[in-house]
Amino acid sequence: MFRTRFAPSPTGYMHIGNLRTALYAYLTAKQADGIFILRIEDTDQNRNVPESVQAIYNGLRLAGIEYDEGPDKDGGYGPYTQSQRLPIYKEYADKLIQSGHAYYCFCQKEDKPALEITGERVQGYRDPCRNLSPEEVKAKFDEGILPVIRQRIPEPGVSSFFDHVYGEISIDHAQLDDQVLLKSDGFPTYNFANVVDDHLMAITHVIRGQEYLTSTPKYNLLYEAFGWERPEYVHLPHIIKEDGSKLSKRKGDPSFEDLVRMGYLPEAIVNYVALLGWNPGDEREYFLLPELVAAFDMNRINKSNAAFSFDKLRWLNGEHIRALSPEEFHSRALPFYPAGFDRFDLKQLSALIQVRTENLSDIPALVGFFGELPVYEAGLFAHDKSKSTLESSKTILQAVRPLFAAINEWTNETLFAVLKELAVSQGFKVGTVMWPIRTALSGQETSPGGATELAAILGKDESLRRIELGLEKLR
RNA sequence: GCUCCUAUGGUCUAGUGGUUAGGACGCGGCCCUUUCAAGGCUAAAACCCGGGUUCGAGUCCCGGUAGGAGCACCA
């Protein structure tokens with residue numbers, strides 16, 4: 001049975017990289033009928049943002065990624081929030097002390113010069129406390145100093161492991177730090193908690209960002225120290241920007257929730273993000289979540305970073321929008337219509353714009369002219385492709401006025417039939433008749449829908465009024 | 001600085017020794033058409049560099065170069 005987990009720290013929002021990590025973990029579990037778990041990694045007391053656990057729930061729900069076990073969904077492996085597991089970490093850290101795989105360190109943070117800043121940093125940090133005698137340890141305790149617990153990296157040695165994305169990785173123990181496992185405040189570090197929890201929660205596949213690749217040997221050493229079986233590893237390349245820099249909320253790059261607010265469909269974002277670093281092995285690109293579950297294969301994940309392209313997301317969003325049923329599109333479009341638009345038949349309008357909408361937030365600009373006729377120049381009535389001139393436009397508009405006034409059944413079909421007949425009887429191309437009408441109705445060079453479609457939505461009175469206005473410009 | 005990783009058109013990618021190097025986005029053109037979209041067709045555009053191995057290398061090896069990541073009482 002596959003068991004995977006998504007283990008975010010509660011920072012307040014779901015960024016794109018996290019979304020993909022969650023997605024891949026979910027897909028890996030689900031394609032094998034396994035269990036997907038949500039675990040909250042809130043072991044940094046300085047970095048907890050209130051409400052942010054809620055943001056994680058919301059993000060996952062929005063994405064359609066449902067977890068089988070989590071803080072609010074017990075599956076017998078809880079608690080699923082690390083801050084509630086402190087005694088567990090303590091217990092296991094003590095075991096490591098007893099077995100000699102870890103040691104107390106009484107150094108204070110201030111004692112450690114900031115070597116990493118100088119660029120002169122030495123690898124494989126070995127703390128002096130590594131060699132404290134039991135008496136010295138006792139003496140420090142008696143002094144009342146709160147120790148941290150550090151991992152004792154066995155030396156010399158080399159550790160290797162297999163990663164489903166990166167293959168065989170080997171790292172010399174001389175590169176590995178005697179890192180802190182348990183902080184002096186009693187909280188574990190990620191380095192410790194992830195190992196204990198992944199084992200206790202019976203995680204079979206650890207799926208996480210590539211930044212953990214080089215510290216994985218340290219975790220493996222821990223598994224060994226406990227006599228536990230290692231999980232399978234799937235490290236993910238990063239998602240970056242097209243200029244090669246990394247996505248950052250601080251620089252204004254949108255989170256998952258932001259993208260949804262910007263009018264991208266959650267399912268389109270999920271689809272797009274799935275394709276950033278993975279492909280199904282054939283040429284399909286359009287996927288709904290269940291299809292991703294079926295198609296996903298962790299062994300087809302790429303090794304190199306992928307740049308997030310808004311162009312392509314936008315296209316894919318359009319694909320998803322077009323794939324929606326007219327009813328579904330309408331209900332999603334509804335919140336994006338400008339105020340006062342309920343005077344129109346919005347259902348009809350939605351039908352018109354669905355294929356022309358690549359992003360829901362395009363809607364206001366797309367339909368704005370229905371609400372208010374834009375200011376435009378008479379020159380708009382001249383159009384080569386439709387063989388329209390100012391003269392022909394004037395003639396047609398004049399002819400159309402009484403024709404429209406006489407129509408009782410104000411529908412696209414009737415309107416089209418009437419205009420078509422006008423074109424035939426007057427020897428005009430259909431386009432030549434339609435152009436001035438569409439122009440007068442929209443006041444724009446382009447519009448979502450042709451002359452009769454616009455007229456049907458605008459209604460008889462307003463259509464007539466706009467034709468009149470157009471005629472004035474042509475006088 | 002040390003270590004690990006990566007490298008196919010502008011971008012996402014297929015490719016696992018022999019291909020006219022395939023697809024997608026974007027971009028140009030054409031068709032369709034009631035303007036614009038959508039749809040269809042089509043063009044331009046890529047194997048980082050240098051050595052090897054091999055009859056043959058985008059594919060394997062080595063070395064460069066470039067980029068990314070890690071080296072916290074952060075995750």
Side-chain angles (χ1 to χ4, degrees), chain A residues 7-9 11 41-44 46-47 105 107-109 112 114-116 118-125 146-150 163 165-167 169-172 174-177 179-185 187-191 193-194 208-217 235 237-238 240 242 244 246 272 275-279 281-285 302-316 318 322 352-358 366 383 385-386 388 416 419-420 423 429-435 437-439 442 444-454:
Chain A
S9 52
T11 52
E41 308 227 330
D42 58 347
T43 55
D44 184 356
N46 303 318
R47 251 178 40 170
C105 168
C107 301
Q108 297 304 297
K109 254 184 279 190
K112 312 254 179 260
L115 292 170
E116 63 272 13
T118 68
E120 298 292 311
R121 172 124 207 174
V122 197
Q123 238 79 12
Y125 181 75
L146 284 179
V148 300
I149 292 179
R150 283 186 187 276
D163 181 272
V165 173
Y166 290 96
I169 304 287
S170 288
I171 295 190
D172 196 296
Q175 296 298 326
L176 271 23
D177 282 356
Q179 66 195 347
V180 171
L181 266 18
L182 210 62
K183 309 179 214 175
S184 52
D185 63 4
F187 277 70
T189 59
Y190 169 86
N191 303 308
N194 95 82
R208 59 168 49 138
Q210 181 222 56
E211 65 271 24
Y212 297 105
L213 196 62
T214 48
S215 27
T216 297
H235 285 93
H238 289 153
I240 55 176
E242 292 202 73
K246 51 183 167 186
Y272 178 64
L275 261 16
L276 245 26
W278 170 83
N279 72 82
D282 53 42
E283 284 170 355
R284 288 176 296 164
E285 295 199 283
N302 280 191
K303 296 181 176 74
S304 51
N305 294 345
F308 187 97
S309 161
F310 280 93
D311 276 341
K312 186 138 187 182
L313 170 60
R314 193 178 158 80
W315 165 77
L316 195 54
R322 290 187 284 275
L352 223 48
I353 64 170
Q354 179 167 5
V355 74
R356 298 170 171 90
T357 305
E358 274 202 309
L366 204 54
H383 183 69
K385 205 179 141 197
S386 321
S388 282
F416 189 79
L419 293 177
K420 177 106 191 225
K429 280 183 54 168
V430 172
T432 313
V433 171
M434 298 298 183
W435 179 263
I437 303 170
R438 195 201 59 74
T439 302
S442 68
Q444 296 178 167
E445 200 173 351
T446 66
S447 59
T452 63
E453 292 165 314
L454 302 188

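Proteins get letters first, then strands, A, B, ... in listed order; numbering begins at 1 in each. What you see is a predicted model, and the numbers here were worked out from it, not measured in a lab.
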Any donor-acceptor N/O pair under 3.5 Å between B:A75 base and A:Y212 side chain: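 Answer yes: a donor N or O sits under 3.5 Å from an acceptor.
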Examine the base of B:C73 for any acceptor or donor lying under 3.5 Å from a partner atom in the side chain of A:T189, and report the outcome as yes or no.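 Such a pair does not exist between side chain and base.
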Do any N or O atoms from the side chain of A:K183 and from the backbone of A:T43 form a donor-acceptor pair under 3.5 angstrom?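 Yes, A:K183 side chain to A:T43 backbone: donor-acceptor pair under 3.5 Å.
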Looking at [X], I'd like to know whether one of its side-chain N or O atoms comes within less than 4.0 Å of OP1 or OP2 on [N].
X: A:K385; N: B:C36; answer: yes
X: A:T43; N: B:A75; answer: yes
X: A:K183; N: B:C74; answer: yes
X: A:N279; N: B:A14; answer: yes
X: A:N302; N: B:A14; answer: yes

Using whole Å, what does the distance between atom [atom2] of nucleotide [N] and atom [atom1] of [X] come to?
X: A:D42; N: B:C74; atom1: CG; atom2: P; answer: 13 Å
X: A:Q210; N: B:G67; atom1: CD; atom2: P; answer: 16 Å
X: A:L352; N: B:C36; atom1: CG; atom2: P; answer: 15 Å
X: A:L182; N: B:C74; atom1: CG; atom2: P; answer: 11 Å
X: A:K303; N: B:G15; atom1: NZ; atom2: C1'; answer: 13 Å

Tell me, please, which residues at least two apart from A:Y190 pass side chain to side chain donor-acceptor pair (under 3.5 Å).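 A:Y190 satisfies side chain to side chain donor-acceptor pair (under 3.5 Å) with A:R208 only.
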Contacts of type side chain to side chain donor-acceptor pair (under 3.5 Å), residue A:E445, not counting sequence neighbours: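 Not a single residue meets the side chain to side chain donor-acceptor pair (under 3.5 Å) criterion with A:E445.
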Which part of the nucleic acid, if any, lies within contact of [X], taking any heavy atom under 4.0 Å across all strands shown: a base, the sugar-phosphate backbone alone, or nothing?
X: A:A451; answer: base
X: A:V430; answer: sugar-phosphate
X: A:S215; answer: nothing

Nucleotide paired to [N] in any strand shown, Watson-Crick or G-U, under 3.5 Å:
N: B:C2; answer: B:G70
N: B:A75; answer: none
N: B:C48; answer: B:G64
N: B:C25; answer: B:G10

Is there a donor in the side chain of A:T439 and an acceptor in the side chain of A:H383, or the other way round, less than 3.5 Å apart?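 Note: A:T439 and A:H383 side chains miss the donor-acceptor criterion.
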[atom1] atom, [N] versus [M]: distance in rounded Å?
N: B:G18; M: B:C2; atom1: C1'; result: 42 Å
N: B:C49; M: B:C55; atom1: C1'; result: 25 Å
N: B:C41; M: B:A24; atom1: P; result: 9 Å

Quick one: what's the B/S/- string for nucleotides 19-27 of chain B, heavy-atom cutoff under 4.0 Å, read 5' to 3'? ---SSBS--
Ring centroids of A:F416 and B:U34 base under 5.5 Å with planes under 30°: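 Given the distance and angle limits, yes, they stack.
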Between A:R284 and A:D282, does any side-chain N to carboxylate O distance fall below 4.0 Å?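 Salt bridge flag = yes for A:D282 with A:R284.
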